[in-house]
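A quick write-up on the structure given underneath.
A note on names: the letters A, B, ... follow the listed sequences, proteins ahead of strands, and every chain is numbered from 1.
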Amino acid sequence: MSEVVLQARAIGKSFPGVRALDKVDLTLAKGSIHALLGENGAGKSTLIKLLTGVHRLEEGELLLDGKSVQFDDPHAAIAAGIGVVHQERNLIPRFSVAENIMLERLGPSVLSRVDQATLRAEAKRWLDLLELDVNPATPVMRLSAAKMQLVEIAKALSLRSRVLLMDEPTASLTPHETEHLFTLLQRLKRDGVTIVFVSHKLEEVLQICDSVTVLRDGRNACQSQPMTGMGRQDLVRLMIGRAEQIPAWETRDRTTAPVALQLDKVSTSLGHQDIDLTLHRGEILGLYGLVGAGRSELAKCLIGLFPLTGGKVTIDGQPAAIGSVAEALNRFGLGYVSEDRKQEGLVLAHSVLDNAGIAVWSKLAGFLGFLKNGQIRERVLPAIERLEVKTPSLAQQVGLLSGGNQQKVSVAKWLAAGVRILIIDEPSVGIDIKTKAYLHELIRALADDGTSVLLITSDMPEMITLADRIAVMDGYRLTGTLVNDRDYPRMSQGIMNLIHGEEQDAA
Amino acid sequence: MQPASSLPLGQPRSAGSPSFVRAGFLGGNEFGLIVLIVVFATLFTLATKGFASPFNLFTLGRTMGIDILIGFSMMVVIVSGGLNLAVGAIGVCAVMAAGWAMETFGLPWPLGLAVCLLVGAALGAVNGEAIVRSGVHSFIITLATMSIFFGGMVFLSRAEAFRELPPAIAAFGKLRLMGFLSPLLLVAVATALVLGWLYRFTSLGRRMLAAGASPKAAEVSGIRVDRTIVGCHILSGVLAALAGAMLTARHGAAIPSMAGHLGQDWLLPAFLAPVLGGTLLTGGKVSVLGTLLGAMLVSMLTNGLLLLRVGEFWVQAFLGLLLLTAVLLDLGRRRLLARHRIAV
Ligand SMILES: Nc1ncnc2c1ncn2[C@@H]1O[C@H](COP(=O)(O)OP(=O)(O)OP(=O)(O)O)[C@@H](O)[C@H]1O
Ligand SMILES: [Mg+2]
């Protein structure tokens with residue numbers, strides 16, 4: 001085996017009420033791509049933070065080129081040639097893309113004038129490398145989740161680290177962007193860079209990784225094993241201790257059920273044109289499209305965050321003019337699971353219970369708005385338990401849970417809300433494969449009980465597993481609707497045809 | 001659920017044991033305040049002659065009651081992520097309106113109190129609506145309304161006090177239960193219970209907290225953030241008016257200058273109590289008990305220092321220093337929180 005660059009020995013870490021890591025080992029060889037896998041809350045991000053000086057290393061030892069090192073802060077790790085893309089965004093929203101990428105190198109000294117032109121030129125190089133087409137002068141807060149993720153990657157690349165740790169870098173990327181990133185990672189690897197890659201998408205891991213470390217409940221389930229000869233089921237077994245169960249669901253036809261939500265030539269202030277859509281009672285209607293197709297934006301218009309400019313929305317046969325999310329929820333039983341858990345999904349500083357209950361407060365409030373915690377618990381616990389949210393207690397601050405567990409709470413609160421129409425936007429970003437299957441069961445059960453679901457997801461297998469029909473959107477217009485027969489190759493081909501249909505016509 | 005505590009806890013390190021959680025409470029503001037209160041009370045009792053006398057306890061309780069309410073009137077807007085510089089102006093305006101109504105129409109005191117609270121609510125609503133509709137930060141809006149409210153009141157009242165109030169009001173201020181207890185303190189404690197109940201058990205209170213901690217997430221979860229913020233300001237106005245009413249009971253008259261110029265004398269206790277008590281200045285976290293204890297500590301320090309014949313000026317400087325220390329502690333705690341949040 002080639003030379004070892006970074007080695008972690010017997011790493012441990014405890015948080016109040018949680019033993020996050022216990023005697024974990026990790027060995028990274030020069031010029032390799034190393035997968036770091038495990039369920040939500042297994043300790044992957046914690047390990048990465050210990051290796052990069054975000055948390056202080058108090059148990060265990062870190063060897064860089066065989067010499068023991070200790071990073072007191074993130075800066076020390078960067079200086080030692082260890083770059084990182086954290087799971088959560090660490091960008092400054094009001095700063096430009098260029099300033100964010102070059103944040104550590106704004107000028108030779110703290111008092112020197114920041115030369116914007118040079119910054120932009122330098123930043124542009126890294127953006128081009130990722131084929132990210134944004135103006136370096138754009139403030140980061142105007143970018144979509146996927147683009148922010150790419151900016152963060154560009155920032156890490158620009159540091160030219162010898163070791164690059166990437167915590168779920170592809171979570172909000174589309175397959176196209178992911179492919180491109182992988183080409184780049186292969187090139188870095190040939191140049192001798194060592195990469196650690198965290199992902200819940202096992203196909204990606206199998207595609208590019210050379211070796212793998214799996215964590216289970218904070219311990220090594222395997223330590224730096226070569227990937228050769230390993231298959232998907234081997235990885236799954238290491239992660240969850242058993243093989244994956246893939247439910248065989250038969251196709252359903254709900255088109256004869258009464259119509260729950262109907263859009264008639266709807267246009268919106270965000271730029272949608274002539275959207276016609278019919279969602280039946282108990283139906284799961286998928287909404288597919290590439291990033292920037294305008295799906296989340298349509299959802300936000302429907303729930304009253306942005307105004308409609310034309311057309312008609314009908315809910316349960318009644319015309320619905322929705323002015324606010326509160327009205328959508330309380331009058332029409334319409335809820336929206338946001339794709340952005342940090343900003344729109346969760347109140348990070350509040351407890352798991354308060355977050356899970358927020359959408360049912362108005363329903364459960366009794367005399368003088370009195371709420372009983374017992375009642376809320378009863379209402380939300382089933383979903384929280386089914387999704388195996390890993391938390392020391394329901395009083396734990398949501399912001400302290402692992403990324404995937406936060407996502408579970410963000411989705412669970414709406415599954416428990418008892419709404420009649422639910423728009424679900426990218427529900428499984430960052431959720432491990434086991435819980436993803438449970439989540440799919442929950443959504444399916446909800447629909448079987450009569451809730452109508454509008455499912456927005458960029459995860460094609462998820463779409464084909466769950467949806468009864470699939471509507472395809474491109475450039476803020478609907479380009480067609482397919483009945484899902486769950487034949488993966490045929491469906492994905494059909495969807496792609498609908499996305500590129502117009503371009504082909506024009507060509 | 002699979003509680004993380006069921007994880008194999010490898011070594012019996014401090015983390016994971018319940019003592020960690022308790023350490024959190026003991027390190028919390030409430031506990032620290034109780035310790036400080038006990039320490040200073042002992043100190044003052046030993047060092048001064050009059051501190052523990054029934055009469056001093058009575059006047060101290062009276063001041064505490066008022067300071068607690070002033071603290072609450074600021075706390076309820078801090079919760080929503082804003083602040084209200086006009087609490088003093090609102091308090092004075094409300095009692096002046098009530099004083100006028102009682103003198104002019106001979107209203108009995110319960111109706112006078114109702115007028116007072118209603119005016120407080122109305123002025124709070126003006127603040128709230130102006131903030132929500134303009135989108136300007138509450139700092140600017142309430143800085144402006146502080147002058148407007150106070151100026152309007154001075155103009156209308158010609159800066160004349162109302163001294164011919166129903167005698168029951170002054171009698172209430174002088175009432176001594178068991179020889180040392182002022183009923184004003186009981187009013188404050190009752191208010192604390194109501195507020196505690198509001199934040200802990202009602203959907204309204206939780207909405208206020210959610211809107212303060214993360215307006216966007218609250219909005220998308222179906223909370224009317226705008227309405228909620230207006231609600232916080234109305235509540236603030238009512239509490240300021242109640243504080244004004246209590247002050248009126250103490251003076252036996254409604255006096256334009258009883259909260260200083262523009263009502264500014266209230267600002268220090270208004271910020272000190274919640275900040276000492278651990279209410280997060282950025283909103284979303286509240287401690288009613290902490291605010292109560294914070295106000296008690298402030299009143300007690302003022303009272304004790306004056307008994308020690310430390311000059312009034314030094315007392316103010318001391319309180320300012322206390323506020324600064326508390327704010328710095330708050331900042332430190334926020335950094336810690338933020339660090340943990342990144343650390344997710
Ligand atoms: N700052 C913190 N305070 C308390 N507990 C924490 C903190 N950070 C992480 N934890 C806990 O440590 C455990 C491991 O978390 P970690 O974020 O490393 O998981 P992960 O493997 O990255 O999961 P995911 O796939 O969901 O991102 C979790 O149980 C989490 O709740
Ligand atoms: Mg993680």
Tell me the closest heavy-atom pair linking [X] and [Y], and the distance in Å.
X	Y	answer
Val220(B)	Leu305(A)	CG2-CD1, 4.0 Å
His350(A)	Ala213(B)	NE2-CB, 3.7 Å
Leu329(A)	Ser221(B)	CD2-O, 3.8 Å

Contact origin within [X] toward chain B - heavy atom pairs under 4.5 Å:
X	result
Lys300(A)	neither
Glu327(A)	both
Leu346(A)	backbone

**OP:** Compare all side-chain heavy atoms of Ser214(B) with those of Glu344(A) and state whether any distance is below 4.5 angstrom.
**Re:** no
**OP:** State, yes or no, whether a side-chain contact exists between Arg206(B) and Ile376(A) at a heavy-atom distance under 4.5 Å.
**Re:**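 A side-chain contact exists here, since the closest heavy-atom pair is under 4.5 Å.
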**OP:** Go through the atoms of Leu209(B) and report whether side chain, backbone, both or neither lie under 4.5 Å from a heavy atom of chain A.
**Re:** both
Subject >> Region of Arg200(B) that comes under 4.5 Å of a non-hydrogen atom in chain A >> reply: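 Nothing of Arg200(B), per the 4.5 Å heavy-atom cut-off to chain A.
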**OP:** Could you please state which residues from residues 222-229 of chain B sit under 4.5 angstrom from chain A, measuring non-hydrogen atom to non-hydrogen atom, sorted by number, or 'none'?
**Re:** Gly222(B), Ile223(B), Arg224(B)
Subject >> Residue-level interface, residues 118-128 of chain B with chain A, non-hydrogen cut-off under 4.5 Å >> reply: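 No residue falls under the 4.5 Å cut-off.
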**OP:** Give, for atom NZ of Lys342(A) and atom NZ of Lys216(B), the distance between the pair rounded to the nearest 0.5 Å.
**Re:**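 Going from the NZ atom of Lys342(A) to the NZ atom of Lys216(B) covers 14.5 Å.
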